[in-house]
Amino acid sequence: MSKRRGINYWEYIRVEGLLALQSGMHEDESSVSNDEVLFITVHQIYELWFKLILRELENVRSVFRQNPVPDQDLASAVRSLRRCVAIFEIAAAHWKVVETLTTRDYLAFRDQLIGASGFQSAQMRQIEIILGLDDDKRISCAGEGTYKDALNGPQGEISPALARVEAQLASGPSFRTALYDWLARTPIDGSSEEAHVRDYTNTFLVSHEAQARQLIEASGAALPQMDRELLEKRFQRDIDQARAFLEGHDLKLLPDQEQQARRHARAALVFIESHQDLPRLTWPREVLETTLALEQSMVIWRQRHARMVERVIGRRTGTGGSGGVDYLDATAQRYRIFDDLWAVRTLLLKSDLTPSLSRPEDYRFRVED
Ligand code: HEM
């Protein structure tokens, strides 16, 4: 009988190499406690998940950097985004394993880690960069100039972590930029003309105000005068905010062309979300939905990390020198990338108040004879 040729499991998966990676600072696994091996292993598992996420995000970004974006590529982008969401959701569950460390267990080896922190995870930063996190949103960890300073080597030299981050920054526009550019090119009810987009926005805002007034009427009658006044103020604020968002009042500092593109992108978001059942808008809507789901899964991951940290080390200073839990909660609150996608959820109208389209036939799969 001939011997089986070809590769086997342990060679293909590189099992021996993989199992030799948990030996800690002294590269001697026999000197490392079970608690520390757990700590190292969970970090390594996360870094592997981050690696896969980055590969998928490269695919998503390259789809949207095309102009035009071929319709048939949208499904591939959505598949990649869904995979990232699934990974972040599973990764958030890993904190449960870390929580089997008691405070005392962790303190037994924590002191030797001072100076090392997840804050130096280059792949986490790469994910934020490829998605498009604005630098001015970043919070300093321990008073360093920028997040990049924390990635310098001990003598100020370029570390492999910093080299990764620099390469990511040099790799071109983020997914958010590419997505917003795509939205800014999206025809709205059959046209991309600026005047047409403005008309669409105005019609939508009239309906939006009508919906708010209906709600004031419906809920106000049952309330005492004081509560009614408060309610009216709140609905008026909603009306004003909707107008400010769609007319781009917050964009005034940008060049005119960029303001116009962003207003168009926002109108496109309202348009796609409002008419999501039309066949030709179903995949664009799916792109928005999975992008939002991805951001949501990252926020939950950050919040869950903070709760694990609070449980294991309380509110003490982090090994990276940050305020610990307070720092982590602040990142969960502030590190939002796709603000416009979230903002639109506040504006949407119920179906019977959504302005109807003048050219719904443009959005069927095919025009019937
Ligand atoms: C007992 C376990 C852990 C504790 C007590 C802990 C604690 C902390 C603290 C206090 C920070 C804030 C920065 C600092 O001052 O160090 C931080 C940041 C971070 N940690 Fe953890 N961590 C733990 C495990 C993990 C694991 C397993 C990962 C997986 C990769 C991780 C990923 C991160 C990341 C990416 C940051 C940076 C967050 C940001 O700047 O947005 N941590 N961690």
Side-chain angles (χ1 to χ4, degrees), residues 21-22 24 32-54 57 84 87-151 161-162 164-165 168 295 297-337:
L21 294 175
Q22 293 76 37
V32 185
S33 67
N34 284 1
D35 295 327
E36 191 168 350
V37 172
L38 165 86
F39 184 81
I40 295 169
T41 306
V42 177
H43 278 88
Q44 289 176 343
I45 292 168
Y46 271 120
E47 289 295 337
L48 289 173
W49 284 135
F50 291 162
K51 178 177 175 176
L52 294 183
I53 287 171
L54 275 165
L57 292 179
C84 294
I87 294 174
F88 264 115
E89 285 176 355
I90 290 293
H94 295 350
W95 298 125
K96 219 174 161 46
V97 187
V98 184
E99 282 167 349
T100 62
L101 270 181
T102 68
T103 309
R104 229 183 29 184
D105 295 338
Y106 180 42
L107 292 182
F109 60 91
R110 181 178 188 256
D111 288 357
Q112 61 179 350
L113 306 176
I114 296 291
S117 162
F119 189 77
Q120 297 158 340
S121 168
Q123 290 200 104
M124 186 68 203
R125 298 293 170 241
Q126 284 180 270
I127 292 172
E128 292 165 353
I129 293 165
I130 195 172
L131 285 173
L133 179 67
D134 288 328
D135 266 358
D136 59 12
K137 284 201 171 159
R138 289 190 184 279
I139 304 163
S140 119
C141 175
E144 68 288 309
T146 71
Y147 67 98
K148 285 200 267 173
D149 294 337
L151 301 181
L162 185 55
R164 274 179 170 282
V165 167
Q168 192 66 60
E295 180 137 52
S297 68
M298 286 180 72
V299 171
I300 291 171
W301 184 86
R302 288 185 198 278
Q303 288 165 336
R304 188 66 186 82
H305 176 228
R307 299 287 74 72
M308 175 279 290
V309 171
E310 188 172 0
R311 181 165 165 182
V312 177
I313 61 164
R315 295 196 156 258
R316 70 188 79 202
T317 302
T319 51
S322 79
V325 173
D326 286 344
Y327 165 81
L328 294 169
D329 277 333
T331 62
Q333 179 77 23
R334 216 174 126 79
Y335 284 14
R336 290 287 182 101
I337 297 165

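In each ligand, atom 1 is the first atom listed, and ligand 1 is the first ligand listed.
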Less than 4.5 Å apart, any side-chain heavy atom of [X] and any of [Y]?
| X | Y | value |
| --- | --- | --- |
| Thr319 | Phe119 | no |
| Ser121 | Phe50 | yes |
| Leu107 | Arg104 | no |
| Phe39 | Gln22 | no |

Contact region, Tyr106 to ligand 1, non-hydrogen atoms below 4.0 Å, reads side chain

The answer for which part of Trp49 has a heavy atom under 4.0 Å from ligand 1 is neither

Is it true that atom CZ of Arg311 has more than 12 heavy atoms of other residues, nucleotides or ligands lying nearer than 6.0 Å?
no

Counting each atom of ligand 1 from 1 as listed, which ones have a heavy atom of [X] under 4.0 Å away?
| X | result |
| --- | --- |
| Met308 | 2 (C), 3 (C), 23 (C), 24 (C) |
| Tyr46 | 27 (C), 29 (C), 30 (C) |
| Gly320 | 14 (C), 15 (O), 16 (O) |
| Ser117 | 13 (C), 14 (C), 16 (O) |
| Phe119 | 18 (C), 19 (C), 36 (C), 37 (C), 40 (O) |
| Leu328 | 9 (C), 11 (C), 12 (C), 17 (C), 18 (C) |
| Gly324 | 10 (C) |
| Val98 | 1 (C), 2 (C) |

Please lay out, stage by stage, how Gln126 and Arg164 fare under the test side-chain hydrogen bond (donor to acceptor under 3.5 Å, both in side chains). CA-CA 8 Å; Gln126 284 180 270; Arg164 274 179 170 282; 3.2 Å; yes

Heavy-atom proximity to atom 15 (O) of ligand 1, picking from Gly314, Ala142, Gly323, Ser322, points to Ser322

So which protein heavy atom does [atom] come closest to, and at what separation?
| atom | answer |
| --- | --- |
| atom 4 (C) of ligand 1 | Val309 CG2, 3.9 Å |
| atom 42 (N) of ligand 1 | His305 NE2, 3.1 Å |
| atom 33 (C) of ligand 1 | Gly118 CA, 3.5 Å |

message: Given 3.5 Å as the limit, does a donor-acceptor pair link the side chain of Thr103 with the main chain of Val312, or not?
response: yes

Open item on the list: Between ligand 1 and Arg302, is the shortest N or O to N or O distance under 3.5 Å?
Closed with: yes

### Message
Please determine whether any non-hydrogen atom of Trp95 lies less than 4.0 Å from an atom of ligand 1.
### Response
yes

Exercise for review: For Arg125 and ligand 1, answer yes if some heavy atom of the residue is under 4.0 Å from a ligand atom, otherwise no.
Suggested key: yes

From the list Arg334, Arg304, Arg307, Arg302, salt bridge (charged side-chain N to carboxylate O under 4.0 Å, His left out) partner of Asp329 resolves to Arg307

